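For ligands, and for the atoms within them, numbers begin at 1 and follow the listed sequence. All values derive from a computational prediction rather than experimental measurement. We number each residue from 1, following the sequence as shown. Because only heavy atoms are used, hydrogens play no part in the values below, and waters and symmetry mates are left out as well, while side chains stay in.
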Amino acid sequence: MGLTSSNQFKFDNTYSKLPEHFFARLDPTPVQKPSLIKVNHLLARHLGLDPNFLETPAGTDVLVGNRVPEGAEPLAMAYSGHQFGGWVPQLGDGRAILLGEIIDSEGRRQDVHLKGAGRTPFSRNGDGRAWIGPILREYILSEAMAALQIPTTRALAVTTTGETVMREASFPGAVLARVASSHIRVGTFQLFSARQDVEALQLLSNHVIDRHYPEAKNSSNKYLALLEGVITRQAELIAKWMAVGFIHGVMNTDNMSISGETIDYGPCAFMDTYHPETTFSSIDRMGRYAYAKQPEMALWNLSRFASTILPLINPNEETAVKAATDRLNCFQENFDLVWSSTFRSKIGLLGHHDGDTGLAQDLLNCMAANKADFTLTFRRLCDLSTSKDTKKSNLDVSFTTLFKDQSAAEYWLVKWRARLRLEEQSELDRQTNMRAMNPTYIPRNHRVEEVIRAALREDFSPFEKLVDVLSLPFDDQPKKFDFQNPPQQSEIVLETFCGT
Ligand code: AMP
Ligand code: MG
C-alpha cells in the first residue's frame, strides 16, 4: 500500500443504503489546522489500514474530517432517546459523522466515525465540536475496556483541530476517529416507534439482525429472537462492567448500543474505593446510574427497546406484550449467571458449591464497609491463592491493610480458605486464572485527569504512557507500579463532567 494511496479505506456501506429519513447526509466540517496526536497502529492494521499512511498529512486530513476519502458516504444518524428517564423525541448525531463501514481482518463489519466533526441537522444548540479532554478520556477508557476484553467501541485516532471550543472555559478542539461494530442504539428504534413507522422499524430490525444477530434468522420469530439476543448481550456487558468496577454514568437509551458494545464514554469512570452507590457524573444527582443500579437501568432501557418492536413480534398486541415480557423477565437471570460466574472466578473458584456467590458478595460488603480499593483488593487476593492460613504473612497483610478494619478482612479470608480446600485446581493454576480475571491496571480517574491537564500544556507524553500501561492490564509491568495506586487524598476526583 502506497503512502499516498487515496483508496486506503475499502468502504462497504450498508447503513447509507437505508431510507433517507434514517439520517442526514453531510460532510464533516473542515478544521483550521489539524495536528495528529495519535494513531492506534494495532487497530489500524486490524482494519486493513496502513498506520503510516494515516500519519501523513493526507491520512490526518481524513481522520479529522478535512478530506472525505473515496467510497465514504458521510452521514449523521437520526435517533431519539430517554435521557435520565425523560423522553427526547429528536436527538441524533449532533457532532458526529459516520464516514462508512469497512470489513476488518476478521471479516467483521466496522463503522468508521468521526466524533467532534462539526454541526449537523441534529446539533440543536450545540457547536458540533468536542474538546481535547473528553476525546482523550474516551480514547483511554475505550482502549482500556478493549484490553480488559469487554465489548466496546474502539479509538482509532485523535487529532486536534487548531480551533478552540467554548465550554466552562475555552479549550483546544479535537476529533476522535471511532470504530464500532455499529452506532445503532436503542434510541434509533425509539425514533421510528414514536413516529409509528412500522416499515422503518422492520427495515432497521432486519439490518440489525443481518449485522449483529444473524442467528435470529433461524428462529420461528426472528424479532423475538432479536430481543432475546439484545437482552443476553446487554446482561453480559453490564456484569462485565461491574466486574471491573466500571460506571458508565449516562446509560440513556441513546447511549445503549444495540450490538452490546460499551458506547459513549462521557462522564464514566472506574471506581477506586468500592461502594455500590458510587456515581461520578456531575449531572446524575439522583444516582440513577450509580454502580449497583446499572443492571436495573439496563433492564429499563431494554423494556423501552422491546416496546418499539412489539408490532413486529406479533400483530396482536397482547400476545406481543406477553412474549416480550417473558423475555425481559429472563434478564435478571442472565445477568445473575454472568455476574456470579465472573465474581466466582475473580475469587478463584472453579468448582460449584452452595454459598459461592454469597462468599463473593460478602467480600464486596466487607470492602464497602471498610472502604477498600476495588481493583487492588481483587488483585492482591490473587497473591493469596494458597488455602493454608497464613495470617501473619506479608501477602496477607498487604491484602488486609486495604480494609479499614483489618480483622474484618481476616475473617473473610478464613471463610474463603475453608472454601478453597474444596477446590481441585492447583494453587499455581488458581493464581494464573485469578490474575487473568483481576486487572492490576485500570484507567484511574486521577491518571486520566493528569493526562488531560498535561494535554492542555500540549504535553501528550502522559497520554502515551497511560495508554501503553493500560494495553496490558493483567500483567505486572516492571517500573509501572505507580499506575496501580489509588489516588492520594489530594488527587481524588469526585466528579466527571459531561462538559463534552
Ligand atoms: P450525549 O449525552 O453526549 O450522549 O449527547 C446527547 C445528544 O447531544 C446527542 O444527540 C449528541 O449528538 C448531542 N451533542 C452532545 N454534544 C454536542 C455538541 N457539542 N454539539 C452538538 N450536539 C451535541
Ligand atoms: Mg450519546
Side-chain angles (χ1 to χ4, degrees), residues 22-24 26-29 31 65 74-98 111 113-139 141-142 145 152-153 155 160-161 163-176 178-180 182-191 194 247-259 261-269 279-285 288-289 297-298 301 304-305 495-500:
F22 279 53
F23 44 74
L26 81 165
D27 288 352
T29 309
V31 306
L75 58 87
M77 292 167 74
Y79 51 85
S80 311
H82 277 94
Q83 298 191 313
F84 291 91
W87 172 243
V88 186
Q90 181 78 70
L91 289 163
D93 291 333
R95 52 160 171 176
I97 299 283
L98 173 65
D111 275 3
H113 165 112
L114 304 179
K115 182 166 176 177
R119 301 195 81 240
T120 77
F122 310 114
S123 299
R124 295 174 296 168
N125 298 319
D127 58 5
R129 295 296 186 190
W131 68 278
I132 186 76
I135 294 294
L136 293 181
R137 165 178 284 277
E138 175 155 349
Y139 191 113
L141 272 88
S142 64
M145 201 64 109
T152 178
T153 61
T160 52
T161 61
E163 298 171 8
T164 54
V165 171
M166 270 313 288
R167 294 293 182 263
E168 295 92 347
S170 170
F171 293 116
V175 172
L176 177 75
R178 178 162 90 182
V179 173
S182 88
H183 283 81
I184 302 167
R185 306 141 192 272
V186 168
T188 320
F189 284 82
Q190 289 181 289
L191 174 74
I247 302 166
H248 183 283
V250 257
M251 289 174 64
N252 295 331
T253 55
D254 55 309
N255 291 337
M256 182 187 265
S257 160
I258 216 70
S259 74
E261 287 177 342
T262 313
I263 192 170
D264 280 10
Y265 291 80
C268 56
T279 53
F280 286 100
S281 169
S282 59
I283 53 172
D284 190 8
R285 294 285 172 221
R288 179 179 172 92
Y289 298 133
M297 290 298 110
N301 291 347
R304 306 284 82 70
F305 170 60
E495 268 183 357
T496 55
F497 288 88
C498 210
T500 50

Does [X] have a heavy atom less than 4.0 Å from any atom of ligand 1?
{"X": "Gly128", "answer": "yes"}
{"X": "Gln83", "answer": "yes"}
{"X": "Lys115", "answer": "no"}
{"X": "Val250", "answer": "no"}

Atom [atom1] of [X] and atom [atom2] of [Y]: how far apart are they, to the nearest 0.5 Å?
{"X": "Leu191", "Y": "Ser80", "atom1": "CG", "atom2": "OG", "answer": "4.0 Å"}
{"X": "Thr253", "Y": "Leu91", "atom1": "OG1", "atom2": "CG", "answer": "8.0 Å"}
{"X": "Thr29", "Y": "Ile97", "atom1": "OG1", "atom2": "CD1", "answer": "7.0 Å"}
{"X": "Met251", "Y": "Cys268", "atom1": "CE", "atom2": "SG", "answer": "12.5 Å"}
{"X": "Glu261", "Y": "Ser182", "atom1": "CD", "atom2": "OG", "answer": "7.5 Å"}

Option of least heavy-atom distance to atom 2 (O) of ligand 1 (set: Leu91, Asn255, Ile283, Val88):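 Comparing heavy atoms across Leu91, Asn255, Ile283, Val88, the nearest one to atom 2 (O) of ligand 1 lies in Asn255.
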Which of parallel (below 30°), tilted (30 to 60°) and perpendicular (above 60°) describes Trp87 and His82?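 Judged by the thresholds at 30° and 60°, the geometry between Trp87 and His82 is tilted.
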Which of these passes side-chain contact (heavy atoms from CB on, under 4.5 Å) with Asp127: Arg167, Arg95, Met166?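 Only one option passes, and that is Arg167.
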Check ligand 1 against [X] and write out every atom of the ligand that is under 4.0 Å from a heavy-atom position of the residue.
{"X": "Asp264", "result": "4 (O)"}
{"X": "Tyr79", "result": "9 (C), 10 (O)"}
{"X": "Arg167", "result": "19 (N)"}
{"X": "Ser123", "result": "21 (C), 22 (N)"}

Distance under 6.0 Å and angle within 45° of ring axis: Arg288 vs Phe84: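 Relative to the ring axis of Phe84, which defines the angle, Arg288 lies outside at least one limit.
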To the nearest 10°, what's the angle at the Mg ion (ligand 2) between atoms OD1 (Asn255) and OD2 (Asp264)?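 Seen from the Mg ion (ligand 2), OD1 and OD2 are separated by roughly 70°.
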For ligand 1, which is the ligand I care about here, please tell me if Gly92 has any N or O atom under 3.5 Å from one of the ligand's N or O atoms.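 Yes.
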Could you tell me whether some N/O pair between Arg124 and ligand 1 is separated by less than 3.5 angstrom?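 Among all N and O atoms of Arg124, at least one is under 3.5 Å from an N or O of ligand 1.
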